[in-house]
Peer 1: 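Supplied in structure tokens, the structure appears directly below.
Order of listing sets the numbers, starting from 1, for every ligand and every atom in it.
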Amino acid sequence: MAEAPSTQERVTDIGPPHYEKFLHPLIKKNYGKWLWHEIPRPGVLVHAAESGDKIWTVRGGTARLISVDTLRLYADLADKYADGYMRFTSRNNVEFLLEKEENVQPLIDEMESNGIPVGGTANSVSQIVHTQGWVHCHTSATDASGVVKAVMDDIVEEFRNHRLPNRVRIALACCLNMCGAVHCSDIAILGIHRRPPHVNHENVKNLCEIPTTVASCPTAAIRPTTVDGNPSVEVDEDKCMYCGNCYTTCPAMPLSDPLNDGLSIWVGGKVSNARSNPTFSKMAIPFLPNNPPRWPEVTEAVRTILEAYAKGARNWERIGEWIDRIGWPRFFRETGIEFTKFHIDDFKGASKSLMTTTAFKR
Ligand code: SF4
Ligand code: SF4
């Protein structure tokens with residue numbers, strides 16, 4: 001009987017191809033047999049295997065949405081210096097994988113001369129992971145790429161060096177559905193709506209199916225109603241959490257509001273369980289206005305938090321660990337951020353639903 005095909009060989013029409021197909025040959029050859037790694041300079045890693053093989057990684061900052069020209073540039077650099085091997089990290093950095101150490105510096109020179117900053121490793125700010133923003137998603141309360149570009153332009157020096165107490169991971173999600181990692185990043189920028197969806201009763205009867213629209217609301221805030229003799233829906237504002245789920249189902253319920261949409265800033269989340277448990281971010285600034293194209297209020301807030309952390313944290317403390325040590329009130333004093341009633345955490349469900357860490361024991 002013929003053997004069943006392996007996972008790599010099996011062809012399906014869903015999901016990505018098996019990653020092993022794209023591994024660098026050196027990585028494949030030494031899989032599971034790597035001995036050590038070090039970071040000789042910001043943006044460069046070297047890994048050594050039991051066999052004596054070494055592979056160099058050069059990391060550059062890039063945007064999540066990139067043009068065909070930029071992709072071609074990356075591909076040309078990969079062909080020239082890295083035998084065609086490159087990858088993107090989960091935080092949207094581009095990485096080239098090199099067998100020859102002598103190619104590292106020429107690659108760095110060519111990346112920098114083409115405007116690709118080299119860095120993002122170890123105790124630095126890595127590239128900001130972000131969501132779709134105004135470019136693509138219908139429920140966004142703010143832009144994504146635009147805010148990220150403005151913030152990273154302002155703090156790019158922290159991408160290029162290792163002078164921070166520990167790594168700082170920044171994330172942006174353009175609404176509270178948070179397709180980005182805002183719940184578990186050191187500094188998080190989160191787009192927020194502050195008004196419920198506006199129901200366009202004229203269009204409901206043409207565009208929406210009422211039972212599906214009512215069922216789409218996670219907080220049961222939508223009720224069927226009749227307006228001018230036509231079936232429609234109404235929203236209980238007290239129950240609405242501005243998630244935009246109904247708008248996905250019913251295009252006659254747009255959520256965006258130029259005056260009331262904006263951004264909030266959260267701090268102290270992390271995924272790592274080194275030294276302390278993984279933590280969720282806590283809200284530091286409840287609202288900042290949308291101010292394109294350079295979002296100065298947001299860039300200033302991120303810089304302020306980063307500078308206070310760099311000045312006050314001990315070596316290897318992440319932002320959340322620094323805040324835990326000095327206390328939440330002192331965090332506001334050190335950063336000059338105003339403390340408001342919105343900072344008081346009165347969500348009673350958290351102990352049941354959110355106390356989840358890899359180290360959690362009842
Ligand atoms: Fe859309 Fe919200 Fe995800 Fe942004 S975070 S891409 S607005 S669902
Ligand atoms: Fe319900 Fe979300 Fe629509 Fe508000 S925005 S009515 S919570 S589905």
Side-chain angles (χ1 to χ4, degrees), residues 63-66 88 90-92 127-151 169-185 187-201 203-204 207-225 227 231-266 269 280-281 283 285-292 295 298 347 349 353:
R64 185 179 154 195
L65 305 174
I66 50 180
F88 290 95
S90 54
R91 288 201 174 252
N92 310 334
Q127 178 58 289
I128 300 179
V129 64
H130 70 84
T131 52
Q132 322 284 350
W134 288 331
V135 172
H136 182 73
C137 190
H138 60 291
T139 51
S140 53
T142 184
D143 194 23
S145 336
V147 186
V148 164
K149 168 76 174 144
V151 171
R169 297 295 176 251
I170 306 183
L172 182 146
C174 37
C175 85
L176 53 68
N177 291 319
M178 59 172 209
C179 309
V182 285
H183 63 299
C184 60
S185 291
I187 302 178
I189 306 164
L190 175 64
I192 48 165
H193 297 283
R194 298 189 299 173
R195 299 292 307 140
H198 168 75
V199 185
N200 186 332
H201 296 292
N203 290 340
V204 168
L207 295 172
C208 314
E209 197 200 28
I210 301 226
T212 321
T213 306
V214 170
S216 72
C217 180
T219 60
I222 303 177
R223 288 187 292 256
T225 188
V227 177
S232 188
V233 290
E234 63 185 1
V235 175
D236 180 343
E237 297 198 6
D238 289 342
K239 286 188 182 168
C240 179
M241 61 172 178
Y242 325 132
C243 69
N245 218 31
C246 50
Y247 182 44
T248 309
T249 309
C250 173
M253 298 178 72
L255 191 63
S256 62
D257 178 328
L259 279 185
N260 285 295
D261 289 353
L263 307 101
S264 55
I265 306 283
W266 300 62
F280 287 112
S281 325
M283 189 177 65
I285 303 179
F287 184 78
L288 293 170
N290 267 318
N291 198 354
W295 280 272
V298 179
F347 179 50
S353 60

Peer 1: List the atom of T131, the atom of A173, and the distance in Å for their closest heavy-atom pair.
Peer 2: OG1-CA, 3.4 Å
Peer 1: Provide, to 0.1 Å, the distance between atom 6 (S) of ligand 2 and the closest protein heavy atom, together with that atom's residue and name.
Peer 2: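 Answer for atom 6 (S) of ligand 2: I222 CG1, 3.7 Å.
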Peer 1: So, does A220 sit close enough to ligand 2 that a heavy atom of it is under 4.0 Å from the ligand?
Peer 2: no
Peer 1: Kindly confirm whether atom 2 (Fe) of ligand 2 is within less than 2.8 Å of some N/O/S atom in C240?
Peer 2: no
Peer 1: Does W134 offer a backbone N or O that forms a donor-acceptor pair with the side chain of D143 under 3.5 Å?
Peer 2: yes
Peer 1: Of all the atoms in ligand 1, which lie at a distance below 4.0 Å from a heavy atom belonging to S140?
Peer 2: 7 (S)
Peer 1: Atoms of ligand 1 less than 4.0 Å from C137 heavy atoms?
Peer 2: 1 (Fe), 6 (S), 7 (S), 8 (S)
Peer 1: Flag the pair V199 / E234 as yes when at least one side-chain heavy-atom distance between them is below 4.5 Å, and no otherwise.
Peer 2: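 The answer is no; the side chains never approach within 4.5 Å.
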Peer 1: Looking at NE2 of H130 and CG of L65, how far apart are the two atoms once the value is rounded to the nearest 0.5 Å?
Peer 2: 5.5 Å
Peer 1: Out of all atoms in ligand 1, which are within 4.0 Å of some heavy atom of C179? Include the element for each.
Peer 2: 3 (Fe), 5 (S), 6 (S), 8 (S)
Peer 1: Would you mind running through ligand 2 and noting each atom that sits below 4.0 Å from a heavy atom of P218?
Peer 2: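 Selected atoms, number and element: 8 (S).
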Peer 1: Check whether D261 reaches the backbone of T142 with its side chain - one donor and one acceptor, N or O, closer than 3.5 Å.
Peer 2: no
Peer 1: Could you check whether any heavy atom of P196 sits closer than 4.0 Å to an atom of ligand 2, since that is the contact criterion I want to use?
Peer 2: no
Peer 1: Report whether any nitrogen, oxygen or sulfur of C174 sits less than 2.8 Å from atom 4 (Fe) of ligand 1 (N, O or S, backbone or side chain).
Peer 2: yes
Peer 1: Starting from atom 2 (Fe) of ligand 1, what is the nearest protein heavy atom, named by residue and atom, and what distance separates them?
Peer 2: C175 SG, 2.3 Å
Peer 1: Does ligand 1 have a heavy atom under 4.0 Å from the side chain of H136, from its backbone, from both, or from neither?
Peer 2: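 None of H136 does.
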Peer 1: Within ligand 2, which atoms have a heavy atom of C246 less than 4.0 Å away?
Peer 2: 3 (Fe), 5 (S), 6 (S), 8 (S)
Peer 1: Rounded to the nearest 0.5 Å, how far does CG of L190 lie from CG of L288?
Peer 2: 11.5 Å
Peer 1: Among all protein heavy atoms in this structure, tell me which lies nearest to atom 7 (S) of ligand 2, with the distance rounded to 0.1 Å.
Peer 2: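 The closest one turns out to be M241 N, 3.3 Å.
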Peer 1: Quick check on contacts: which atoms of ligand 1 are under 4.0 angstrom from a heavy atom of T131?
Peer 2: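 Reading through ligand 1 atom by atom, the close ones are 4 (Fe), 5 (S), 6 (S).
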Peer 1: S281 side chain to H183 main-chain N or O, any donor-acceptor pair under 3.5 Å?
Peer 2: yes
Peer 1: Tell me whether atom 3 (Fe) of ligand 2 has C243 as a neighbour, meaning an N, O or S atom of it below 2.8 Å.
Peer 2: no
Peer 1: T139 heavy atoms, cut-off 4.0 Å: which ligand 1 atoms fall inside?
Peer 2: 1 (Fe), 2 (Fe), 7 (S), 8 (S)
Peer 1: Give the atoms of ligand 1, by number and element, whose distance to some non-hydrogen atom of Q132 is under 4.0 Å.
Peer 2: 6 (S)
Peer 1: Below 4.0 angstrom from a heavy atom of M178, which ligand 1 atoms are there? Numbered from 1 as shown, please.
Peer 2: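 In order of number, 5 (S).
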Peer 1: Go through the steps for S145 and R64 under the test side-chain contact (heavy atoms from CB on, under 4.5 Å), then give the verdict.
Peer 2: CA-CA 7 Å; S145 336; R64 185 179 154 195; over 6 Å; no
Peer 1: I'd like to check which ligand 2 atoms, numbered from 1 as shown, lie under 4.0 Å from a non-hydrogen atom of T219.
Peer 2: 7 (S)
Peer 1: For H136, look at atom NE2 and say whether over 12 heavy atoms of other residues, nucleotides or ligands are found less than 6.0 Å away.
Peer 2: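 Atom NE2 in H136 is not packed in, count stays at 12 or less.
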Peer 1: Quick check: closest heavy atoms across A171 and S185, and the distance to 0.1 Å?
Peer 2: CB-OG, 3.3 Å
Peer 1: Donor-acceptor pair, H193 side chain versus T139 backbone, under 3.5 Å?
Peer 2: yes
Peer 1: Looking only at protein heavy atoms, identify the closest one to atom 1 (Fe) of ligand 2 and say how far it is in Å.
Peer 2: C217 SG, 2.3 Å
Peer 1: Is it true that C250 and C208 have SG atoms closer together than 2.5 Å?
Peer 2: yes
